[in-house]
Every structure is written in structure tokens, then in C-alpha cells.
Amino acid sequence: FYALYMRSSLAKRVATLHPSPRVLDDNSTSAAVSPERFWGSYRPQVYFGMKTRSPKSIVTGLMWMRQFSNTDVNLRHTCEQGDNLQGYGWLMHDGLSFGVQEVHDKDFTLTTEFVKRRGGDHGGDWTWRITAKQHSSSRQAPVISLMFYAAADTQGSLEAHVEEKKVLGSITGFSEELGHFKITFRKPVTGELSKVKYACYNNLQTVTPGLEQLTDIVKNSLSRRFVYSPPSGEKRHYIAVDTHKPPHQQHQHKPDDPRKESDFLVHQVTVETPFQIEVLFESASFRNRPNQLVGMTMTEELERRKAEFNARFERTFGLERKGFSQARVRFSKAALSNMLGGMGYFYGQSVVQSAYNEYPLLYPEGALFTAVPSRSFFPRGFLWDEGFHQLLLSKWDPQLTREATAHWLDLINVEGWIPREQILGDEARSKVPAEFVVQRNENANPPTLFLALQELVEQHASNPDAPKSQPTLAFLRRLLPRLKTWFEWYNTTQTGPLPNSYRWRGRDKDTNLFLNPKTLTSGLDDYPRASHPSGEERHVDLHCWMVLASGMMARIARLLGEPHEEYEQTHRVLGDNGLLDVLHWSEQLGAFSDYGNHTQAVSLQQEKVYVPPGKPRHHYAAARLVRSVRRAPKLQHVNALGYVSLFPFLLRVLQADSPRLEHILRDMRDPDKLWTPYGLRSLSKTDPMYMKRNTEHDAPYWRGPIWININYLAVRALHHYASVEGLYREKAAALYNELRTNIVDNVYRQYTETGYIWEQYNDNTGRGQGSHPFTGWSALTVLMMAEQY
Ligand code: 6A9
């Protein structure tokens, strides 16, 4: 009995939250406490939409489609690479009160703008303005349907107000956090002072069992029975929302499904380009509003905020002062704006598992305010991505960094673990294949939030008496108990076989299938590690992350007047360059390296399939690729040259007079190894794993391509070694200039050529590849341009 009891209480630990007081008060994101940040574009997974920072927010959004096109229904809603848009994203966004986005569809461009206005007790008002223009290349003016919608998420109600025949003129509604409100759909015009344009109107009034169903509901309701007949033209059938019967009682609604159906209303306007439409949200508690935020007033507000944004951008990053062209400044504004506009507010439960659970458990419900790496492909929170995001965002608005970091640390469990990938809520869940959903509590991810904290602490140190610095101290004070547990978690669960060494847990176990079993937890996925995962391994990148983490723990504790000696001691020990040599310097490679049970003599081969004599071969399963090991592994250095071997340099663990620096700088600058005209490649060209697939279906990812987060760290480290006394100062300075220029030029060039910032860049051609838009850490290009590290 005791054993069973122990097991079940251990099993619950993985889903038990840390007991210390939360960093964020329960109501910290409410309209009462934080009215100016209540509404926002916190749904980065849709092309355009807004919600509030509350668990079951009413959501608003836009879908659209082109009418009379040859291709079939081309409904746009959630950001999808398959839509093949020529580019989309925020050109300006202050993360607070307004944003300007352009979406380039096949033959027209939509500009989607919003402005918020404070007033009342529920987060105020906002207005959207959608402007559609055809591309100069398209012969006919396209006819477009915009579908504006509002949907409730298990709480709150919406009521449609249909004017004339089918025109949904407005929606009124009520929810707990919004009180009473009204959404008004204005008629399309060609410009501020012009007359209303010919348009067709349709609407859909239905319910949804969940927000992840909105696209399907609209799709299933579409009908061609409507006729578009402009005063001057031929009559044609067009596609519009019609009726949708929710499949009640049927399979959808299992008796134990706690979800209830929520209101979902759609207003469709079908009109020829060019046109402009405004939608306004008004909070009933906002009395004595001076005027409506529409037309000329909206234009003036927009102009004022654009001017403020431009001035603040220049004040913050100084790119014009540095002589960057207008085009490059516009690019940087877009990069920053996309990270700001890519901030989401997610709410829900992770699915987690420990060694003590036979089946995965649901984590407690929680909120996450975070930037996302990619609005299309992974619109959700990733732990180590966020540390990089906050390096940029903290320069723009340190309050965002405090709030995002606080949200992440409030998700920590009693063990000190934070799930690496946050898939919260049905909408997020619907985007992830089942096998990737479960998060395991053995698994880490680099503690990059310490990079963000470093920046906050440095901002504080540079001006400790400024009023701006006070919130950081209060924040750190509340953060510290959780930070301690977080640090301890790494320092106990991720230790290596030798004292003061570290090892990533959670490597792929199957050594038969993969050329090299992956280490997703390190963030560097398929970067080559020891060929045969074992407890004997030690990882140099994790060692360096721990140097950073212990150093920051010491610094924060000292700043707060808390005991810090132990952290300092840990930091001294781990950062000792002699220890690093003993654990990780490989004489053979002439570089830092992982250590483990390893052989280089591995390759993928066709599996031998036994075909009995006389039987036709095609009756047997096709041969798979499997790994063949030609020489037995033994304990040794892994000797892969690439990002991992650079870590003592990247995180500035190496002393400026370390002779190891010379090797590192030389390898970095060697075009046969890491150097390319577009940035540093992730793995040396000379490495046997360079650009090798891991399985038949798994293309190389961190085995050659150029990644901007690591390149940012490299540029930042070069800047450091170029500015302190040391043996390689001049070399570092020269490399700094070259590397910075190469990266910035290429990311910019790719943006102008493709319309996107990318997940990674090809080391042969510089071409952007992987998911796009990727305005997570690739947006760090802005800091490289600004030379802010
Ligand atoms: C798989 C596909 C619709 C991989 O940027 C996020 C992470 C990084 O943290 C990590 O370092 N990316 C990098 O190696 C993307 C991870 C995406 C996993 C999602 C499911 C969903 O398909």
C-alpha cells in the first residue's frame, strides 16, 4: 500500500504548481488593473484578430476570400503557409495601442489597422480599418468578401442586430470582463469623404463548440445561391455564409464534454476593390466619449500614433542616426512590430508526464503571455525562444519583459520544472500532432530567460535611481523564490557523470533508426551529440548555460540583499576556464566538445529485407533506412565542430586572454568550417554529419543552416571580446564587423526578395528556409543593426 501511495503522490507532483506566491496577482491582466493592455492583437495565429488578456475572452477576427476566382474557395483566416501569400505582417505596432499590418494576397493587398482608445472600466474602445487595394498587375478589380466575426468562448453572449434585409449592422454583447459593449460595422467607402460603395451583405448567426472550429463552421455554411449585381455590371453568383446548423446531440457533443456552445456571429461584406471599411468596438462603460473613433478622427489618431512610433523607434534604436537607409529602417520596424504583434495571450492546460505516470496528466490551468516564434507554423510559447524574444522586447518596453517572464515562471511546478512547449487551449492544441503534445518533466530547455533578466538588471544598474528602475526591483523580489527552484531544478536534474558537469536528459532513445539520436531539449534538435546516448555524457552548451544561470542568480540575489555566496561559489567553479578545459576541450578537434559513448562510424543504410527464394520482391515491405554502426562506440569526445563547440565563447565564459579564443576565432572565420557570407553555419562543412538527414524523412535542421539566435550571440560575444583588454581584441573587432554586416545584409535581402523573415537561412545561398514568417529570434537582426547587446 505504501509503495502505491508513494507512486501516486509522486505521480501528482508533475502537475502540482509551485507553492510560493505568484509573481503576478490573480487579476494582474484584468481591465481594472491593466486597462491599457487589456485588448490587443493577442491572437497571433490569425491574420487579424483581437481578444482580451483573460481566460475565456470574447474574440474578434477577420476572414476573407476572393470572389469569382478560378481557384476554388480561398478562405483566409488562420495564418497558413499553404495560403502562399506574398507576405504579411505588422509594419508598425507599439505593443499597446495601435498597429498597422499589410497582407499581400494573390492580386490585392489588405491593410489592417487598429487603434485603441482608453475610457470606461473595461479596457476602452477600439476601431479597425481595413483598406483593400488591387495590385497594379491585376487586370480586373477583384471583388473581395470580408467576414468580420465575434465569438464567445464558453462565457458571455452576443446578439445580432440585422438592419434592412440582411445587413448585420451591429452586435451587442455582454461578458464578465467586458460588461456591455457594441460592435458596429460601417459601410464600405473608397475614402474618407466618399460615398458608400455598392456591396452585398450576408451574415451567419450560429454557435460554436470551440474556437478551433470557427473556420470549419464558416466553410461549411458557404453557399453559391447569392447574386452579386453591381449597378454597372453583369449579375454573378458569389459565395457567402448562409446557414449553419450546429450538429447538436451528434458525435460533437459527448455527454462528458464540459464545453458548451458559444455564440458566433459573422458579418460578410462583398465589395470590389478599392475600398475601406471600419469596424468599431465601444464599451458601454465609456461614457462621454468626445466623438466616435471613425473617419477623419481615426485617420488623425493613426497619424499621431505612427509619428510617435517612428520617433520612439529612432530614440530606442537610433538606426537613422547610424545612417541606415529608409528601406532598412522600415524593415527593422517591421521586424520589431512583428514580434510585438506576435505576442499572444494563451490559456489552458498542458499535457504532462513523469516517470511515475502510466498515462499523461493534465497540468493545472494557466495563462501565458508570450511572443511566438512563428505566427503560421508554431503560434505558441516556447521556453528558450522566449528568452531571445525578450532581449529585443526589453529594449522597447521592459514592462512586457517583466510580464512575460512572470507568466512563464508562474507556470513552474513544485519540482521547479517549466514545460518547454506551451500548447494551451483547444485552438493551440488543434495545430499540434498528437505525438508532440505531451511534455515530460525530465526535459529541460536552455534557461535563456536569464539572458532577458540580465538585460533588465543591466538597465537597472545603469540608472538605479530612475523611476523606471523601481518596477524591476519589485519584480525580481517576487520572482526570486521561483527562480531559485528553477535554477535548482537544472542544477540537480541535469547534472552529468562528473562533478560540475551537465547532461541534457530526454535524448531520443532509439539508436537503431536515427543517424544520431536527437536532443530536442537542448533546443538544437538534431545537432550531433554522442552516437549512443548514455549517462556518461556531458554537454558543453548546457555547462555554459549553467555558468550564465548561476552568475545571474548571484547577481539578482546580491542586488536584493539576499544570500548570494553559494551562487557566487557555483558561478566561480563552473566558470573556471581550467574546469572547462578538463571537461570539454578536445585536443584532437582543437575545440570544445561534448563527451560520451560515441563512434563516428555510423551511416543510414537500406534495411535488409528477407525475400524467400522464388517470391517476388514487391510482395515484401519496402526496405527502410536504418542506422548501421561499423565501429563500436567508446567513451570519447564527440568532436563535432559547430554551434555547440562555440558556447564557451558565445556566452562569454572564456576569459579574454584565453588562448582557446584564437582557435575559436580561426574556425569561425574559416569558409570550409563555419564561415559563410550570410552568417555562421550551425555545423562545420568538414563534419561527417554536415547536412546529413537523420532518417529518410527527417531533413537536416541544425546540421548546416544558419540560425539567427546563435549568430546574435556570436556577434554579441565578438563585440564583448573586441571591447575588453585581451589578446585577440583586434581580431574580434574585425570579425565583429564582418559577421554583423553579413547577417544583417542577408536577412534584409531575403526580406525584400521574399516578403518574409525566415526560421533559418541556407548556408550556400543565403536563402530563407523553414517556417515563415518567423519573427521570433530572427528579429534579433534589429539589435545587431542597433549594436545593442
Ligand atoms: C512540431 C509541427 C503544424 C525548433 O522555434 C520553436 C522551436 C525551437 O525552440 C527549437 O530550437 N523550433 C527548434 O529546433 C520549432 C519547433 C516546432 C515543433 C512543432 C509540430 C506542427 O505542425
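Just so you know, ligand 1 is whichever comes first in the structure, and atom 1 is the first atom listed for that ligand.
- Tyr701 pairs by the ring-ring contact (aromatic ring centres under 6.0 Å, His included) definition with Trp707, not counting sequence neighbours.
- Shown here are the salt bridge (charged side-chain N to carboxylate O under 4.0 Å, His left out) partners of Arg420, two or more places apart in sequence or in another chain: there are none.
- Using a cut-off of 4.0 Å between Lys/Arg side-chain N and Asp/Glu carboxylate O, Lys518 and Asp526 are scored as not salt-bridged.
- Using a 4.0 Å cut-off between a side-chain N of Lys or Arg and a carboxylate O of Asp or Glu, Glu753 and Arg767 do not qualify as a salt bridge.
- Screening residues 677-696 for ring-ring contact (aromatic ring centres under 6.0 Å, His included) gives no qualifying pairs among residues at least two apart or on separate chains.
- A side-chain hydrogen bond (donor to acceptor under 3.5 Å, both in side chains) with Asn762 holds for exactly one of Arg681, Gln750, Gln769; it is Gln769.
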Show the distances, to 0.1 Å, for all pairs joining an N/O atom of ligand 1 and a protein N/O atom that are shorter than 3.5 Å, listing one pair per line.
{"from": "ligand 1", "atom 1": "5 (O)", "to": "Asp385", "atom 2": "OD2", "distance (Å)": "2.7"}
{"from": "ligand 1", "atom 1": "9 (O)", "to": "Trp384", "atom 2": "NE1", "distance (Å)": "3.0"}
{"from": "ligand 1", "atom 1": "9 (O)", "to": "Asp385", "atom 2": "OD1", "distance (Å)": "2.6"}
{"from": "ligand 1", "atom 1": "11 (O)", "to": "Trp384", "atom 2": "NE1", "distance (Å)": "2.9"}
{"from": "ligand 1", "atom 1": "11 (O)", "to": "Gly523", "atom 2": "O", "distance (Å)": "2.6"}
{"from": "ligand 1", "atom 1": "14 (O)", "to": "Gly523", "atom 2": "O", "distance (Å)": "3.3"}
{"from": "ligand 1", "atom 1": "14 (O)", "to": "Asp525", "atom 2": "OD1", "distance (Å)": "3.0"}
{"from": "ligand 1", "atom 1": "14 (O)", "to": "Asp525", "atom 2": "OD2", "distance (Å)": "3.0"}
{"from": "ligand 1", "atom 1": "14 (O)", "to": "Trp702", "atom 2": "NE1", "distance (Å)": "2.9"}

